[in-house]
Amino acid sequence: QAKASGKDKTVFFNAGIGGQLSRKMELEKDLRLALEHGQFFIVYQPKWDARRGKEAGFEALLRWRHPEKGVVSPGEFIPIAEETGLIVPMTRWMLGEVCRLNKRWHDEGKFKVCISVNMSYRVFESMTIFDMVDEALRSSGLPGPMLELEITESIAMKNMTITLSQLQRVRDLGVQVSMDDFGTGHSSLGRLDEIPVDTLKIDQSFVKSSDLASKQALIVGIIGIARLLDLEVVAEGVETAEQAEFLLSRGCILMQGYYYGRPMLPEEVEAGAWRIDSAPSHTVRAD
Ligand code: C2E
Ligand code: MG
Ligand code: MG
Ligand code: MG
């Protein structure tokens, strides 16, 4: 009797909350096997140098091809991977793959650029970042400066002592660090000078509304902070020529967004069809 009612409860619980939770629970179950079943793949989005008219790097973004549900977006599965701790082995796999690919591109003379990998707080918390990065660099033979870690302000602020010491060790390997989604997280502005980063990435939300004077002021402010702290600045989510023109006119020359290239498979990146000659560039501007 007790068993039967327990079973009923489970059914009621699932149905009562609706499809949302049961999909999440299914994804959580399936995510545990996704790595060993080879269901993850990585896409690469260019970061474009509008002054030189060539790629300045790529960002590696994780994709999950679910056997029944199709491609699940990271917005949906990364939070689950973080909750369950699966993000740690996933990040280790990702670093290995990215370093191997970039070493090949480097050796074949295809691209000599840095590729970035997004980091989750859970990876810092696990205290394994240094070992993971060191292992990925060693086994691939990729030089440290050709790998970049993207962190967020929230990561940097969460447990500053732990995070900063780990970041410092990784940077001693020559690895680059960038601050993702800058301006949207737990504000790190007051201590930005203490965080070992090389680059600020202007969040897409600012770029999206860059026709508004108020957002323009914030973008100009971020570019100014980057310049004063001697950091690089990359604009994220650039979708139109107008947005690119505005950013260029304010001195931001590193661009990332659909206008310059969508996240692509390595073969597509290599084929080079995404390269644009018509994009606004710094050198051809009148002013
Ligand atoms: P993010 O690191 O800020 O990555 C940028 C996101 O914006 C990517 O979405 C990218 O496809 C999208 N994007 C790029 N250009 C444009 C544009 O012009 N317009 C619009 N509307 N979107 C653009 P994606 O790949 O879905 O990733 C979402 C987030 O998931 C990432 O945000 C990152 O926080 C997380 N993520 C993705 N892969 C990984 C990973 O391997 N590890 C961890 N920890 N997080 C990851
Ligand atoms: Mg990122
Ligand atoms: Mg971002
Ligand atoms: Mg963003």
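Counting starts at 1 for both ligands and their atoms, following the listed order.
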Within a distance under 4.0 Å of any heavy atom of Lys208, pick out the atoms of ligand 1 and give their elements. 20 (C), 21 (N)
Shortest-distance N, O or S atom of Asp180 relative to the Mg ion (ligand 2): OD2
Angular separation of Glu150 OE1 and Glu59 OE2 about the Mg ion (ligand 2), given to 10°: 90°
Note: Lys69-Glu26 ion pair, threshold 4.0 Å (strictly below): yes
Check: of Gln243, Glu236, Glu239, Arg63, min heavy-atom distance to atom 19 (N) of ligand 1 comes from Glu239
Numbering the atoms of ligand 1 from 1, which are under 4.0 Å from a heavy atom of Pro263? 11 (O)
With Glu76 as partner, the option from Lys24, Arg63, Arg23 fulfilling salt bridge (charged side-chain N to carboxylate O under 4.0 Å, His left out) is Arg23
Under a 4.0 Å heavy-atom limit, does Glu76 contact ligand 1 with its side chain, its backbone, both, or neither? neither
For the hydrophobic clusters of this structure (ILVMFWY residues joined by side-chain heavy atoms under 4.5 Å, transitively), does one cluster hold both Phe41 and Tyr44? no
Lys47 pairs by salt bridge (charged side-chain N to carboxylate O under 4.0 Å, His left out) with which of Glu232, Glu150, Glu236? Glu150
Are Ile202 and Leu189 connected into the same hydrophobic cluster when the rule is that any two of I, L, V, M, F, W, Y join if their side-chain heavy atoms are below 4.5 Å apart? yes
Greater than 12 external heavy atoms within 6.0 Å of Lys103's NZ: yes
Return yes when at least one N/O/S atom of Asn118 is nearer than 2.8 Å to the Mg ion (ligand 2), and no when none is. yes
Polar-atom distance check: Leu62 versus ligand 1, any N or O pair below 3.5 Å? yes
So which of the N, O or S atoms of Asp181 lies nearest the Mg ion (ligand 3)? OD1
Would you mind telling me if ligand 1 is within reach of the side chain of Val117, the backbone, both or neither, using heavy atoms under 4.0 Å? neither
Nearest non-hydrogen atom to atom 39 (C) of ligand 1 belongs to which of Ile78, Thr184, Thr91? Ile78
Short version for Val43: what comes under 4.0 Å of ligand 1, heavy atoms counted, is neither
Using the rule that two of Ile, Leu, Val, Met, Phe, Trp, Tyr join whenever any of their side-chain heavy atoms come within less than 4.5 Å, decide whether Leu27 and Phe77 are in one cluster. yes
Is a salt bridge present between Glu194 and Arg191, judged by a nitrogen-to-oxygen distance below 4.0 Å? yes
Considering distance alone, does some N or O of Gln256 sit under 3.5 Å from an N or O of ligand 1? no
OG1 of Thr152 to CG of Asp203: how many Å apart, nearest 0.5 Å? 11.0 Å
Between Pro74, Ser120, Ser116, Gly261, flag the one that comes closest to atom 26 (O) of ligand 1 by a heavy atom. Pro74
Side chains of Ser210 and Gln216: do they bring a donor and an acceptor to under 3.5 Å? no
From atom 6 (C) of ligand 1, work out which of Glu82, Met255, Met94, Gln204 has a heavy atom at the shortest distance. Gln204
Measure from NZ or CZ of Arg169 to the centre of the six-membered ring of Phe130 and say whether it is under 6.0 Å with the direction within 45° of the ring axis. yes
Would one find an N, O or S atom of Asp203, in either backbone or side chain, under 2.8 Å from the Mg ion (ligand 3)? no
Run the salt-bridge test on Glu125 and Lys158 with the 4.0 Å N-O cut-off and return the result as yes or no. no
Nearest to the Mg ion (ligand 3) - the N/O/S atom of Glu236, by atom name: OE2
Please could you name the atoms of ligand 1 that Asp180 approaches to less than 4.0 Å, counting only its heavy atoms? 1 (P), 2 (O), 3 (O)
Short N or O distance, Gln45 and ligand 1, threshold 3.5 Å exclusive: yes
Contact check, Ser73 vs ligand 1, heavy-atom distance below 4.0 Å: no
